[in-house]
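Everything below concerns the one structure shown next.
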Amino acid sequence: MDDLYREVIIEHYKHPGYRGHLEPHDIQFADNNPLCGDHIEITMQVGADGTVKDARFDGHGCAISQASADLLIESIIGKPLEEVKQLNKQHILDLLGIDLGPVRLKCALLSLKVLKAGVYGLGEASDELVE
Amino acid sequence: MDDLYREVIIEHYKHPGYRGHLEPHDIQFADNNPLCGDHIEITMQVGADGTVKDARFDGHGCAISQASADLLIESIIGKPLEEVKQLNKQHILDLLGIDLGPVRLKCALLSLKVLKAGVYGLGEASDELVE
Amino acid sequence: MTLNVQQIRSDFPILQRETSKGIRLVYLDSTATSQKPLPVIEAMNAYYRRSNANIHRGVHTLAEEATALYEEAREKIARFINAPSARQVIYTRNTTESINLVAYAWARANLKAGDLVVLTEMEHHSNLVPWQMLQAERGIELDFIPVTEAGLLDLDAYQALLARTPKLVAFTHMSNVLGTINPAAEIIRLAHEAGAVTLVDAAQSVPHLKVDVQALDADFLAFSAHKMCGPTGIGALYGKADLLEAMPPFLGGGDMIKEVKLRSFRPNSLPHKFEAGTPAIAEAVGFGAAVDYLSSVGMDAIASHEHEITAYALERLEEIPGVKVFGPEAQYKGGVAAFTLDGIHPHDVAQILDKDGIAVRAGHHCAQPLHEKFGIPATSRASFYLYNTKDEVDLLVDGIYKVKKMFG
Amino acid sequence: MTLNVQQIRSDFPILQRETSKGIRLVYLDSTATSQKPLPVIEAMNAYYRRSNANIHRGVHTLAEEATALYEEAREKIARFINAPSARQVIYTRNTTESINLVAYAWARANLKAGDLVVLTEMEHHSNLVPWQMLQAERGIELDFIPVTEAGLLDLDAYQALLARTPKLVAFTHMSNVLGTINPAAEIIRLAHEAGAVTLVDAAQSVPHLKVDVQALDADFLAFSAHKMCGPTGIGALYGKADLLEAMPPFLGGGDMIKEVKLRSFRPNSLPHKFEAGTPAIAEAVGFGAAVDYLSSVGMDAIASHEHEITAYALERLEEIPGVKVFGPEAQYKGGVAAFTLDGIHPHDVAQILDKDGIAVRAGHHCAQPLHEKFGIPATSRASFYLYNTKDEVDLLVDGIYKVKKMFG
Ligand SMILES: Cc1ncc(COP(=O)(O)O)c(C=O)c1O
Ligand SMILES: Cc1ncc(COP(=O)(O)O)c(C=O)c1O
């Protein structure tokens, strides 16, 4: 098997560290990938200093979408919100450490789309957020 | 030059023997080829014995359509109407003595279409008449 | 009547390719689109290298040749489905456009608010959305023949729908997910008794079964070249002559007219009335070559080969713990096996199989309502055509075991 | 900036053919459809031999490759016309379908009885019939910018039409009969001042001139691949993003949706909203290869080459007694020379020329009202593209003398 399903992905899919739902939270957003029905919700608590105090994801879908979400949450805890706003596609690809075709890329980027729509306080999670 | 514009065609086009309009007539019909604007009118006198007593064509268009009309009229004078009703594509091709592609075939068959629509007393000259 | 599959495979250049170094392609996605044999590729090639010209109105040699090739292909396609006449075969882009042509030109001229259109729960989006658009625009009503747990149409429920005197019954001849081959002749006979016009979505049947439009007595029948060894960019709509003749045109432009003035036009006769603008000429030539190819192999031989493979695939898949195959038993089914694997998303299944060169599709296969009905967002789908082998089924099964192990 | 025409000719296999024994093809019918260079033929060939799959929803290698090829071609086409974004380029079958798409999806949502649509007297049937159909269905009004004796649009009359506040101005960028290149930027600027939306029929301009949709400020712009070295079966509609986004979908089916329930759907985002069903994938790949080819030669070089040939052709044709060429002087004109020959029908001219391998078109060239305006049923038309030479013009002229002699 090549690196696509690197153990880390299967590992984060099977044993996510950040699956859950924070209550109370400061930011919450959810969306799904209409192509395959993958669903991601993100809840977040923001510290007084404007950094991510804690965050969780919930949802269902393929290993790529769920592992990406877990890795993404892991990567943002403690980071300033302003920095989170700048995250893009490359950040996810770096986290996953693999190449993805256009269809699977949508799966991988779903959590980032949801995250950014939440942080920006948008009504909809559009593809442009993660170009 | 190959046989397509055999001298006979140019000859019948330039010096038609049966161009004109019969008055009085027993049968009259006219139609045009929408592809190129060719126009043919045929007038005919029918004898008491049911044969074509006399006939003429009028109109304008390409050499193929006009020469075919002239050759066609020449070929039917004196023939029983019942025989005229049976004429088909092959008759025209035999008269012209050449091969024609689908587009020019329409030009060549216009006069036969008009003739048959007139003889059958139809409202419209359809392609099926000359299959 | 067994196929010489190795011989057939050698006609398809793509089947010789590797998806990555040392990994030979195992193509199990023909329901989405089929691969193309050399005679089809070469026919288009030869068209562009030798005969390319615009058609119908040209007098020069190339135009005459191109016109003849384009119309001969129509004759071939007409014979392939046993249409009474080639002028009843309209070229379109694909099945989807064929159905939309009926929805725009026939239905908008014939249906009014409150009129009922009967569809089924197993329709492809292509035979749902055009009618939903018409519902929104016109207020027609839609109702659906239910799909049973076993993946068959509920024909009792259909009878009840017919009692409401629908104007149109539009249904798929073969489901692209369940594989179900619907009793089209029976559905049409009943529809006609109830006074309804029928439209058959034959996207999956014409490529895989012998389809005879006269035996079916279909009013309209839609299919795509790309699913039957032909090129992309072309499909066909068959229609009964009286219906097609009574319909207003759909797209306006060159070739579909007899005469144009500044403020009015007279439409052309069939089939040209529905073919506006420069058509897909090379594609028609390829379409004709595709039906020649399929005919030379023999549709009955193809159907029985696929049946054999499918029966074998169902048997092997069902022995894998955690695999659930949707749709009826092999006897009611074409060459499609859509399945789920417990706890593993179809996208992951497809992607891991792809690493071994095995191409299956994952998703809702443009039949979202059907998936919803079965309570699942997606399935993995393996599908079979004349060039597939039992060995490929074995590779698929091995691959699924590998997927299970990775996620184990 | 002169072209290496011999080099270019060697890229087009068909130009090496003979129409009959010993008679080399002289192809002067590119306005009807262009010939295809090897890189275009080979790109489609390679697609079918290596990457063919259905697109967008597939996870496997072939589907990923096909999707990437299909979308890369869209990017190339977008860059070729300087569209701000590839999602503003919708694949259609041809110019005709592009115009119909606007007539169905934009106009039916935005025009009501009495609304004025301004066209011109030199339109191709493709930009007349869709509006006539809408006139019959909706009661919109049509009016026409007149064509002057010299073959130019009467811009004073246009100003008067604008005073009646049309909702749409739809016009051809370049006439396929007169060759007239209309001042599109100016026509659009004036239309916008009057509050009208604009649609440019660019079937003849995009293949032959550098067209920049942003410089033109066009709202919609339609063209066909087959006229610009690309395959049959594919064309494009460019549109401004806000207009395309506000429009309802046109054809319903797979791929144009985000989500489908049994009774409703949500449309997909641009450009997919307007691309229902399996698209012309191989053709998109060929279309992309065609714009690559044209770009590598250079559109400015192509335009000036054609200009040179056309000027020469006009000069030579006009010295033949009995020949009348329609349309403006070379300076206002693309590579088209439509002419009549006293006393000899265009069909005969074309057919006799064909015997010498010279392919010209005869007829009304889908512009019947324009021919009627000039009081003639038909013309013979020679047209020129990057692969034509002055020698071919000489052969044409010799051929016409021969025709005259035969009928002499
Ligand atoms: C000016 C113009 N508009 C529209 C068209 C129609 O193009 P197509 O047949 O590719 O739809 C043509 C081509 O004949 C044309 O020359
Ligand atoms: C049953 C069925 N109907 C319609 C379609 C649509 O075909 P196309 O995409 O060629 O228009 C498909 C193909 O996906 C199908 O399987």
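Quick note on labels: first sequence line is chain A, next is B, and so on, each numbered from 1.
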Are any of the side-chain heavy atoms of C:Thr96 and D:Asp255 separated by less than 4.5 Å? no

For residues 97-104 of chain C, give me every residue with a non-hydrogen atom less than 4.5 Å from any non-hydrogen atom of chain D. C:Glu97, C:Asn100, C:Tyr104

Residue part contacting chain D, namely of C:Asp348, when any heavy atom lies under 4.5 Å: neither

Only pairs of heavy atoms separated by less than 4.5 Å count here; which of C:Glu121, C:Lys36, C:Met133, C:Arg50 has the most with chain D? C:Arg50

Of C:Ala367, C:Ala136, C:Ser51, C:Ser126, the largest count of non-hydrogen pairs under 4.5 angstrom with chain D goes to C:Ser126

Counting heavy-atom pairs under 4.5 Å with chain C, which one of D:Pro231, D:Ser30, D:Gly357, D:Gly363 comes out on top? D:Pro231

Residue part contacting chain D, namely of C:Glu64, when any heavy atom lies under 4.5 Å: neither

Which region of C:Leu128, side chain (C-beta onward) or backbone (N, CA, C, O), has a non-hydrogen atom less than 4.5 Å from a non-hydrogen atom of chain D, or is it both or neither? side chain

Residue D:Ile234 versus chain C: region with a heavy atom under 4.5 Å: neither

Expected output: side-chain D:Gln132 to main-chain C:Lys261 donor-acceptor under 3.5 Å: yes

In terms of heavy-atom proximity below 4.5 Å to chain D, should C:His347 be classed as side chain, backbone, both, or neither? both

Residue part contacting chain C, namely of D:Leu25, when any heavy atom lies under 4.5 Å: side chain

Distance-only, no hydrogens or angles: does the D:Arg361 side chain make a donor-acceptor pair with backbone N or O of C:Asn54 under 3.5 Å? yes

Can you tell me how far apart OG1 (D:Thr120) and CG (C:Leu262) are? Round to the nearest 0.5 Å. 9.0 Å

Between D:Ala32, D:Cys366, D:Ser20, who has the most heavy-atom pairs with chain C when the cutoff is under 4.5 Å? D:Ala32

Under 4.5 Å from any heavy atom of chain D, what part of C:His365 do you find: side chain, backbone, both or neither? neither

Contact origin within C:Tyr27 toward chain D - heavy atom pairs under 4.5 Å: side chain

Contact origin within C:Pro279 toward chain D - heavy atom pairs under 4.5 Å: backbone

Check whether C:Leu142 gets within reach of chain D through its side chain, its backbone, both or neither, counting any heavy atom under 4.5 Å. both

Quick one: what part of D:Phe265 sits under 4.5 Å from any heavy atom of chain C, side chain, backbone, both or neither? both

Name the option with the most non-hydrogen atom pairs under 4.5 Å to chain D; the candidates are C:His60, C:Met256, C:Lys227, C:Arg93. C:His60

So what's closer than 4.5 Å to chain D heavy atoms on C:Ser224: side chain, backbone, both or neither? neither

When the 4.5 angstrom heavy-atom criterion is applied to C:Glu123 and chain D, the contacting part is neither

C:Ser34 versus chain D, heavy atoms under 4.5 Å apart: side chain, backbone, both or neither? backbone

Check step by step if side-chain contact (heavy atoms from CB on, under 4.5 Å) holds for D:Asn45 and C:Asn45. CA-CA 8 Å; D:Asn45 223 321; C:Asn45 223 321; 2.4 Å; yes

So, the part of D:Glu259 with a heavy atom under 4.5 Å from chain C: the answer is both

Yes or no on side-chain contact (heavy atoms from CB on, under 4.5 Å) for C:Asp29 and D:Leu62, after CA distance, side-chain angles and deciding distance? CA-CA 10 Å; C:Asp29 194 21; D:Leu62 264 50; over 6 Å; no

Heavy-atom distance under 4.5 Å to chain D: side chain of C:Asn52, backbone, both or neither? both

Going from CD1 on D:Ile257 to CD on C:Gln368, what distance comes out if it is rounded to the nearest 0.5 angstrom? 5.5 Å

Any idea which of D:Met44, D:Gln35, D:His364 has the most non-hydrogen atom pairs under 4.5 angstrom with chain C? D:Gln35

With chain D, the option among C:Arg263, C:Gln16, C:Lys373 that has the most non-hydrogen atom pairs under 4.5 Å is C:Arg263

Not counting sequence neighbours, which residues clear side chain to side chain contact (heavy atoms under 4.5 Å, CB included) with C:Ala282? List them please. C:Tyr47, C:Tyr48, D:Thr232

Between D:Ala53, D:Ala276, D:Ala350, which has the largest tally of heavy atom pairs under 4.5 Å with chain C? D:Ala276

Does the pair C:Glu65/D:Arg17 count as a salt bridge with the N-to-O cut at 4.0 Å? yes

With a 4.5 angstrom heavy-atom cut-off, is it the side chain or the backbone of D:Ile55 that approaches chain C, or both, or neither? backbone

With a 4.5 angstrom heavy-atom cut-off, is it the side chain or the backbone of C:Val40 that approaches chain D, or both, or neither? neither

Which of the residues C:Ser264, C:Gly58, C:Ala63 is involved in the greatest number of heavy-atom pairs with chain D at under 4.5 angstrom? C:Ser264

Out of D:Pro346, D:Gly233, D:Ala203, which one racks up the most heavy-atom pairs below 4.5 Å with chain C? D:Gly233

Return the option, out of D:Arg49, D:His124, D:Gln135, D:Glu372, with the maximum number of heavy-atom pairs under 4.5 Å with chain C. D:Arg49

Contact leader toward chain D among C:Leu38, C:Thr95, C:Val129, C:Leu15, where contacts are heavy-atom pairs under 4.5 Å: C:Val129

